[in-house]
Structure formats: structure tokens, C-alpha cells
Amino acid sequence: MTVVGPFGLSVRDQALEADVQTGLAAVEAGLLDATKSDVPFITEAAQHLVRAGGKRFRPLLAMLSAQFGDADAPGVVPSAVVVELTHLATLYHDDVMDEADVRRGVDSANTRWGNSVAVLTGDFLFARASHILADLGPEAVRIQAEAFERLVTGQILETAGPRDGRDPVEHYLDVMRGKTGSLIAVACRFGAMMAGADESAVDILTQYGERLGVAFQLADDVLDIASDSHESGKTPGTDLREGIPTLPVLHLRAQAAADGKPEDLELLELLDGDLSDDARLAEALCRLRAHPALEQARRDTIRWTEEARATLAPLPECYAKAALEELCDAVVHRAG
């Protein structure tokens, strides 16, 4: 049993491990090749986040999904490169929107070169992804276009906020389905489809990917509050400090609106205030960690994860299915 990919995923079969490692290495080479330009500065900017590393969660899912067909089929690796390039492009744009200073342990592109270069570099990566996609056929182009529309729609919905009368938690889950779930679903779909898996397997893996993607994001929401920096790899309370609405805070707001408990209203006042002060942020984290809203967010994360696991049930028993199920366990573990 060896460790492969993010979260310490263990693969129990040497042949599967070899396939996945070979595929991920090919994706890495494909990412570097796709981000080269005749203009050295563009190459530097485009490879900035590629070289910074990352979990390569989406390519891993593509490699595992390809095991339900011919994992060596020629379209598998390029399709995984397309999905990861698209993901990287969104990170360049996200950092501009969020005014982020750091990404994956290095200066964000907007900090290093300014917003204009960061946005244009993201656009360059989208263009390169589209170039690769064109060789994968019109169906692949259509699938990617639909997923990208959902991703952008999710981002717009997040920016606009819930319309009057809409449950903010349901609105947030819709945002997560689009922003995160759609592209992870495509990673699974492309892996299976390019490998020639049967249509039912492709559909199952697509549904699994979207549900796991939402669970993955919800686990991050829990981690932002519940973890220490050693465990999560980022400073606790980052989302709180930046005023990003996350599931535990949305549950807190719902409970405060329903019950009007003075301690909940007081905590919300703290959260809505200036959290740039370390002492105020520490107090907010301490109080949120003890609040039932955090446990409710954990339960939601586990529910989405279990739905992802249940989706896999019709697939034949094999090492790849076991690895996908173990990814569900890893997400639950992240959420505590």
C-alpha cells in the first residue's frame, strides 16, 4: 500500500499505482509544455502556479476514472491537462478578485506582476486549454463549454449574493456546485469518456465528481475555522478575515435569525467587525469552534461525501473504485 496524490491517498494495487503515477507525470509534463510561449515573460507568468505545485486533485480523479475503460487511451492525459489548465486559469482570476497576496506558498501573480498581467495570464491558460480541447473532438468541447458556463455562473452568483427570499445556505450550495463541483465532475467525466468506459459508468463518475467537489469545498470551510495552520497548510481564519461567507458562518446567521440568542448576535457583530486584529480573529475562531454551527457544517460535509460514495455503488468492485471511495474518507477526515 503506497501513497499517491493528495491527502495521502493509498493505492492497494501496484499496477494501479503505476498507471496513476505514470499518468500524473505525463500530466505534469503536459502542463509545462502547454504553458510555454515564444515570449519568455509569458512562459514565466503562465508557469508561475504550475511550478508552485498543488494537489493535482482533478488529474488524479481523471486517472482513476480512466481505469473503468482503457486507461492508456490517447485522450486521457490531454483531457486531464485541459481540466487542470482551466482550474489554474481560474486561480489567476480569483486572486485578482480576492486581492490575494499569496497562492500555493508563493506570491500571487497579481502581487508579482499586477492585476492586468494576472488576468491576461489566466486568459492565456484558457486559450491553451481550448487548443488542446479542439483535438479531443466536438463532444469534449461542448462538455467543457457547459462546465465553464456553470463555473462562471457560480462565481457570478457568489458575487451577487442570494436574491431576496432565497435561503443563503441553499444559494451557497448552488455556488459550490458551479464553482467547484462542475470542473471536478468534468475531470471524472473526461477520464472515463476518453478511456472508452460505458455510458453508465461515465454518468456515475460525473455525478460522483460533482458531489465530491462540493464536499471538498465544504471541508475547506470547516478547516478554515477548526484546524491549526500545520494541519491545513494555511492560516486559520483566512476566509473569516477576508469576509468570505462560508458554511459555518451561514449556519450561524440562520440560527441567529431564527432564535435571536444574544450570544449569537454578539458573535455575528464580532464577525462583521474588523478582524484584521489578531486578538479579535482569535476570539472569533475560539467562539466559532465551540458553536453548533461548526458541527452542522461538518454534518453537511459528511452528507455530501456519503452521497458521492453511494453514487459509486453500481460500479464493479475494483481497486480504482476502492481508491475513489478512499477519497471520500479523506474528505471526511479533513472535515474532522
Side-chain angles (χ1 to χ4, degrees), residues 1-12 20 24 52-65 84 87 90-91 94 102-105 169 172-173 175-177 179-185 187-188 207-242 244-252 285-286 288-312 321-336:
M1 183 168 64
T2 54
V3 173
V4 169
F7 321 126
L9 171 67
S10 57
V11 174
R12 295 175 174 81
V20 171
L24 290 175
K55 299 181 183 71
R56 303 294 188 253
F57 185 43
R58 292 154 188 82
L60 173 65
L61 286 169
M63 296 302 114
L64 290 173
S65 297
E84 190 67 8
H87 172 59
T90 65
L91 298 184
D94 282 351
V102 176
R103 169 70 72 175
R104 294 181 173 175
V169 171
Y172 182 71
L173 292 173
V175 168
M176 291 304 104
R177 289 184 190 99
K179 269 190 65 176
T180 304
S182 62
L183 197 58
I184 292 176
C188 294
Q207 294 174 45
Y208 163 85
E210 179 159 334
R211 291 165 183 168
L212 186 71
V214 174
F216 178 74
Q217 182 58 57
L218 299 185
D220 269 2
D221 286 2
V222 172
L223 274 174
D224 186 62
I225 294 167
S227 71
D228 58 36
S229 57
H230 174 74
E231 178 186 357
S232 67
K234 71 173 187 176
T235 303
T238 297
D239 292 339
L240 288 183
R241 177 167 271 170
E242 294 175 358
I244 297 172
T246 59
L247 190 61
V249 175
L250 291 173
H251 279 315
L252 168 64
L285 283 170
C286 181
L288 270 173
R289 286 167 180 165
H291 197 280
L294 181 61
E295 185 56 37
Q296 189 172 356
R298 278 198 181 98
R299 290 196 301 270
D300 288 343
T301 304
I302 293 169
R303 175 172 58 84
W304 277 89
T305 305
E306 291 307 312
E307 287 179 4
R309 187 198 308 274
T311 303
L312 295 172
K321 180 179 178 179
L324 292 171
E325 290 172 336
E326 187 166 328
L327 279 175
C328 295
D329 295 334
V331 171
V332 171
H333 178 73
R334 278 165 62 79

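Annotation for Tyr208 and Ala308: closest pair CD1-O, 3.3 Å, computed over non-hydrogen atoms. Across Thr301 and Val222, no two heavy atoms sit closer than the pair OG1-CG2, 4.1 Å. Looking at every heavy atom in both residues, Thr311 comes nearest to Gln207 through CG2-CB, 3.7 Å. Of all non-hydrogen atoms in Leu61 and Leu324, the two that sit nearest each other are CD2-CD2, 3.9 Å. Contact record, Val331 with Ala215: CG1-O, 3.7 Å, taken as the closest heavy-atom pair. Summarising the geometry of Trp304 relative to Leu218, their closest heavy-atom pair is CD1-CD1, 3.7 Å, with the distance given to 0.1 Å.
Met63 contributes atom CE, which lies 14.0 Å from atom CZ of Arg58 (distance to the nearest 0.5 angstrom). In this structure, CG in Asp221 is found 6.5 Å from CG in Asp239, a value given to the nearest 0.5 Å. Distance check: Met176 CE to Ser182 OG gives 10.5 Å after rounding to the nearest 0.5 Å. Between the CD1 atom of Ile184 and the NE2 atom of His87 there is a distance of 8.0 Å, given to the nearest 0.5 Å. Summarising the geometry, atom OG1 belonging to Thr305 is positioned 13.0 Å from atom NE2 belonging to His333; distances are rounded to the nearest 0.5 Å. Remark: His251 NE2 to Thr246 OG1 distance equals 10.0 Å, nearest 0.5 Å.
At a threshold of 4.5 Å between non-hydrogen side-chain atoms, the residues Arg56 and Leu60 do not count as touching. Using a 4.5 Å cut-off on side-chain heavy atoms (C-beta onward), Leu247 and Gln217 make no contact. For the pair Leu288 and Leu294, the minimum side-chain heavy-atom distance is 4.5 Å or more. The closest side-chain heavy-atom distance from Phe57 to Leu327 is below 4.5 Å. Residues Glu306 and Ile302 are in side-chain contact: their nearest non-hydrogen atoms beyond the backbone lie under 4.5 Å apart. Using a 4.5 Å cut-off on side-chain heavy atoms (C-beta onward), Thr180 and Val214 make no contact.
A salt bridge links Glu295 to Arg298: at least one charged side-chain nitrogen sits closer than 4.0 Å to a carboxylate oxygen.
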